[in-house]
S.K.: 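Supplied in structure tokens, the structure appears directly below.
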Amino acid sequence: MKPGDVLKKLVQGDVIKYPITIPEGFNIFQIGAILEEAKVLLQKSFSGKAVNRVFILSLELDVDSLEGYLFPDTYNFPKGFGEEQVIRHMVARFKTVYSSLAKRAEQLGLNRKDVVTLASMIEKEAADDQERRLISAVFHNRLHRGMALQSDPTAVYDLSRRNRGMKGLPERTC
């Protein structure tokens, strides 16, 4: 590049962004590990920010943890971007995608938190997309009939959270 082009990029704030894929079904701890490995942020800071009630409320979410609200996708982040910016991007993506599903959720009598919890359970219970549809149908039928969901992932989630020492995360009950 010519010196003038370099200067122009610096003035404009152009930085190199790296594609980082967050897979479906990853929890806060796993997402933080991916982002730390990519040198975008520190995992411990990310995990702490994801359960910081004041910060979560600033995102217009009334939940105890961002578990399930950090949308899995491929993002382009520069190194050192920081946990707040990353979380804001991931939650914004979640809100965009959820807005297209909100009407259907309402028809099913589910609020946003119910949808996130149910989707997390289905994700952990299923091995592939075809299984996800079947498990989703089973869970919806059980809910419609007032039956217990009898889902193992809720117990596994709690045990893995405790083993990682993430006592700041809220207990999940299903």
S.K.: Can you check whether I87's main-chain N or O pairs, donor with acceptor, with K49's side chain at less than 3.5 Å?
M.R.: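 Not at all, since once roles are kept as given, no pair shorter than 3.5 Å links the two residues.
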S.K.: Closer than 3.5 angstrom, by distance alone: can the side chain of S136 be matched with the main-chain N or O of R133 as a donor-acceptor pair?
M.R.: no
S.K.: Counting N and O atoms only, with roles assigned by atom type, does the side chain of E36 sit under 3.5 Å from a partner on the main chain of Q43, one being a donor and the other an acceptor?
M.R.: yes
S.K.: Once side-chain contact (heavy atoms from CB on, under 4.5 Å) is applied, do any residues pair with K79, and if so which ones, sequence neighbours excluded?
M.R.: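 Result, side-chain contact (heavy atoms from CB on, under 4.5 Å) vs K79: Y18, K39.
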S.K.: Hey, is the main chain of A137 close enough, under 3.5 Å, to the side chain of N141 for a donor-acceptor pair?
M.R.: yes
S.K.: How many angstroms lie between atom OG1 of T74 and atom CZ of R93, to the nearest 0.5 angstrom?
M.R.: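 It comes to 10.0 Å.
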S.K.: Is it possible for you to say whether Y98 and L66 belong to one hydrophobic cluster, with membership spreading through side-chain heavy-atom contacts below 4.5 Å?
M.R.: yes
S.K.: For Q130, does the CD atom sit with more than 12 other heavy atoms under 6.0 Å from it, leaving out its own atoms?
M.R.: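 For Q130, atom CD is not crowded (no more than 12 foreign heavy atoms under 6.0 Å).
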S.K.: Nearest 0.5 Å please: distance from the CG atom of N111 over to the OG1 atom of T117.
M.R.: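 So the gap between those two atoms works out to 8.5 Å.
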S.K.: Could you tell me the separation between the CD atom of E83 and the CG atom of N52, rounded to the nearest 0.5 Å?
M.R.: 10.0 Å
S.K.: Verify, without hydrogens or angle tests, whether D73 (side chain) and Y75 (backbone) share a donor-acceptor contact under 3.5 angstrom.
M.R.: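 Not at all, since once roles are kept as given, no pair shorter than 3.5 Å links the two residues.
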S.K.: In chain order, what residues pass the side-chain contact (heavy atoms from CB on, under 4.5 Å) check against L57, with sequence neighbours excluded?
M.R.: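 Testing L57 for side-chain contact (heavy atoms from CB on, under 4.5 Å), a comparison that skips the adjacent residues, returns R53, D62.
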S.K.: CD of E106: more than 12 outside heavy atoms within 6.0 angstrom?
M.R.: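 Open: at most 12 neighbouring heavy atoms sit under 6.0 Å from CD of E106.
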S.K.: Looking at E67 and I28, would you say the former's side chain and the latter's main chain have a donor-acceptor pair under 3.5 Å?
M.R.: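 At least one qualifying donor-acceptor pair exists.
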S.K.: Side-chain contact, heavy-atom cut-off 4.5 Å: L143 with L118?
M.R.: yes
S.K.: In Å, rounded to the nearest 0.5 Å, how long is the span from NZ of K17 to CZ of F77?
M.R.: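 Reported value, rounded in 0.5 Å steps: 9.5 Å.
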S.K.: Run the ring-centre check on F81 versus H89 and record whether the distance is less than 6.0 Å.
M.R.: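 Centroid separation for F81 and H89: below 6.0 Å.
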